[in-house]
Chemist: 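What follows is a structure written as structure tokens; I'll ask about it next.
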2 protein chains.
Amino acid sequence: MLTTQDRTEAQAAALFKALAHPVRIAILDVLRHGEECVCHLEAILGKRQAYISQQLAVLRAAQIITDRRDGMNSFYLVVHPEIYALLDAARAVRGGANAAPTAPIRRESCPCPKCAPVAVVAD
Amino acid sequence: MLTTQDRTEAQAAALFKALAHPVRIAILDVLRHGEECVCHLEAILGKRQAYISQQLAVLRAAQIITDRRDGMNSFYLVVHPEIYALLDAARAVRGGANAAPTAPIRRESCPCPKCAPVAVVAD
DNA sequence: TGACAATATGCAGAGAATGGAATATACTGA
DNA sequence: TCAGTATATTCCATTCTCTGCATATTGTCA
């Protein structure tokens, strides 16, 4: 028999499991600023599309994020902003509270070819 | 090269990983009330000693708990009480904040033979 | 010192996660 | 309808994790 307690713990564990991955945390940090399309994540995190998509699928399965299609693009956004309390708390436990609560990884303009076809820095 | 950001994410991920297990969460919930010896955890959680000990080792490796030996017993206690903010936040995300923030699993008297050799309820 | 109790550790099989590659799907514009 | 772009899914080998069992370690008491 599964008590309410058990269920709570299992749910919490499942949530932690979904968060137990640096790339997924990085994705959530990017989404902190609002919804983003996959191409942004790809560009910002410097990972392959298929890989990003896989990690997004994990977060989606854990109901941490949802997607919204708009034409050719998929936009992802966090379902419960409370999730950021979790991320910040985790950093606080580790770094003693002064661990930068996510310096904006995001650049002024996304360097992906769609959004910023302006300048490709090649250094 | 590993940026500060990367390191923060890796640390947070490691913390989440340690928490991503229902039994380990249950252990932390028991420790919420203060330090406990292994025999208590064994009795309260209804798991075998070796199993509990292994999960404790995981939590210890993640520097979430520390132990203190006192004669024949080892007492475990949580290093950063902030960890409970994490657990509560996780439950809040899941259950919508009304998920009982850990109803005391602990019984009035620990049923382990050492502490309460008084009455073994047998229903 | 020897028997015993409490706890920790090592090992192994089963199962799950990771990450890379290929491929499928969905939408747009010509 | 066809080509092209954006994203998702599937497959797979490798690696990690879980968990039960046996055993080692450490402390206590007679």
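Naming: A, B, ... by sequence-line order, numbering from 1 per chain. What you see is a predicted model; the values in this text were computed from it and never measured. Worth knowing before you read on, the calculation uses all heavy atoms, side chains too, and leaves out hydrogens, waters and symmetry mates.
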Chemist: Give a yes/no on whether any side-chain N or O of A:Asn73 is located under 4.0 angstrom from OP1 or OP2 of D:dT7.
Modeler: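 Indeed, a polar side-chain atom of A:Asn73 lies that close.
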Chemist: Would you say B:Leu15 and B:Leu86 make side-chain contact, with heavy atoms under 4.5 Å?
Modeler: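 The answer is yes, as the side chains (C-beta and beyond) meet within the 4.5 Å cut-off.
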Chemist: Is A:Arg91 paired with A:Asp29 through a side-chain N to carboxylate O contact shorter than 4.0 Å?
Modeler: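 A salt bridge is present here (some side-chain N lies under 4.0 Å from a carboxylate O).
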Chemist: Nearest whole angstrom, please: distance from the C1' of D:dT19 to the CD1 of B:Ile52.
Modeler: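 Going from CD1 in B:Ile52 over to C1' in D:dT19 covers 12 Å.
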Chemist: Looking at B:Tyr76, I'd like to know whether one of its side-chain N or O atoms comes within less than 4.0 Å of OP1 or OP2 on C:dA6.
Modeler: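 So the side-chain polar atoms of B:Tyr76 never come under 4.0 Å of the phosphate oxygens OP1 or OP2 of C:dA6.
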Chemist: I need a per-nucleotide contact map over nucleotides 20-30 of chain C, read 5' to 3'. Cutoff is protein heavy atoms under 4.0 Å; write B for the base, S for backbone only, - otherwise.
Modeler: BSB----BS--
Chemist: A:Leu45 CG to D:dT7 C1': how many Å, rounded?
Modeler: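 My rounded result for the distance is 16 Å.
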Chemist: Provide, to the nearest angstrom, the distance between the CD atom belonging to B:Gln55 and the P atom belonging to C:dT7.
Modeler: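 For the pair B:Gln55 CD and C:dT7 P, the rounded distance is 16 Å.
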Chemist: Please report, rounded to the nearest Å, how far the P atom of D:dC18 is from the CD1 atom of B:Ile27.
Modeler: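 Answer to the nearest Å: 12 Å.
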Chemist: Below 4.0 angstrom, N of the basic side chain to O of the carboxylate: do A:Asp88 and A:Arg32 qualify?
Modeler: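 So A:Asp88 pairs with A:Arg32 through a salt bridge.
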Chemist: Holding to side-chain hydrogen bond (donor to acceptor under 3.5 Å, both in side chains), I want the full list of residues that pass it with B:Gln11, two or more places apart in sequence or in another chain.
Modeler: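 For B:Gln11, no residue satisfies side-chain hydrogen bond (donor to acceptor under 3.5 Å, both in side chains) once neighbours in sequence are set aside.
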Chemist: So which of residues 12-21 of chain A are in contact with DNA chain C, with a heavy-atom cut-off of under 4.0 Å?
Modeler: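 The answer is A:Lys17, A:His21.
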Chemist: Strictly below 4.0 Å: does B:Ser53 bring a side-chain N or O up to OP1 or OP2 of C:dA6?
Modeler: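 Negative; the distance criterion is not met.
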Chemist: If you look only at pairs with a residue in residues 44-67 of chain B, which of them pass as a salt bridge (charged side-chain N to carboxylate O under 4.0 Å, His left out), with sequence neighbours excluded?
Modeler: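 Listed by first then second residue: nothing to list.
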Chemist: For B:Tyr76, give me all partners under ring-ring contact (aromatic ring centres under 6.0 Å, His included), at least two apart in sequence or on another chain.
Modeler: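 By the ring-ring contact (aromatic ring centres under 6.0 Å, His included) rule, B:Tyr76 matches no residue at all.
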Chemist: Atom CG of A:Leu56 to atom C1' of D:dA6: distance rounded to whole Å?
Modeler: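 One finds 13 Å between C1' of D:dA6 and CG of A:Leu56, rounded.
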Chemist: What is the separation between atom CD on A:Glu42 and atom C1' on D:dA6, rounded to the nearest whole Å?
Modeler: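 Result: 9 Å.
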Chemist: Check the distance between D:dT7's C1' and A:Glu36's CD and give it to me in whole angstrom.
Modeler: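 Whole-Å distance recorded here is 16 Å.
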Chemist: Tell me: CG of B:Leu41 to P of C:dA6, nearest whole Å?
Modeler: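 In whole Å, C:dA6 P and B:Leu41 CG are 14 Å from each other.
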Chemist: Given 3.5 Å as the limit, does a donor-acceptor pair link the side chain of A:His80 with the main chain of A:Glu82, or not?
Modeler: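 No, because the side chain of A:His80 does not come within donor-acceptor range (under 3.5 Å) of the backbone of A:Glu82.
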Chemist: With sequence neighbours excluded, tell me which residues meet salt bridge (Lys or Arg N to Asp or Glu O under 4.0 Å) with A:Arg68.
Modeler: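 Applying salt bridge (Lys or Arg N to Asp or Glu O under 4.0 Å) to A:Arg68 gives A:Glu35.
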Chemist: Hey, is CD on A:Gln63 packed in by over 12 heavy atoms from elsewhere, all under 6.0 Å?
Modeler: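 No - once you tally the heavy atoms of other residues, nucleotides and ligands closer than 6.0 Å, there are 12 at most.
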Chemist: Are A:Arg24 and C:dT18 close enough that a side-chain N or O sits under 4.0 Å from OP1 or OP2?
Modeler: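 Yes.
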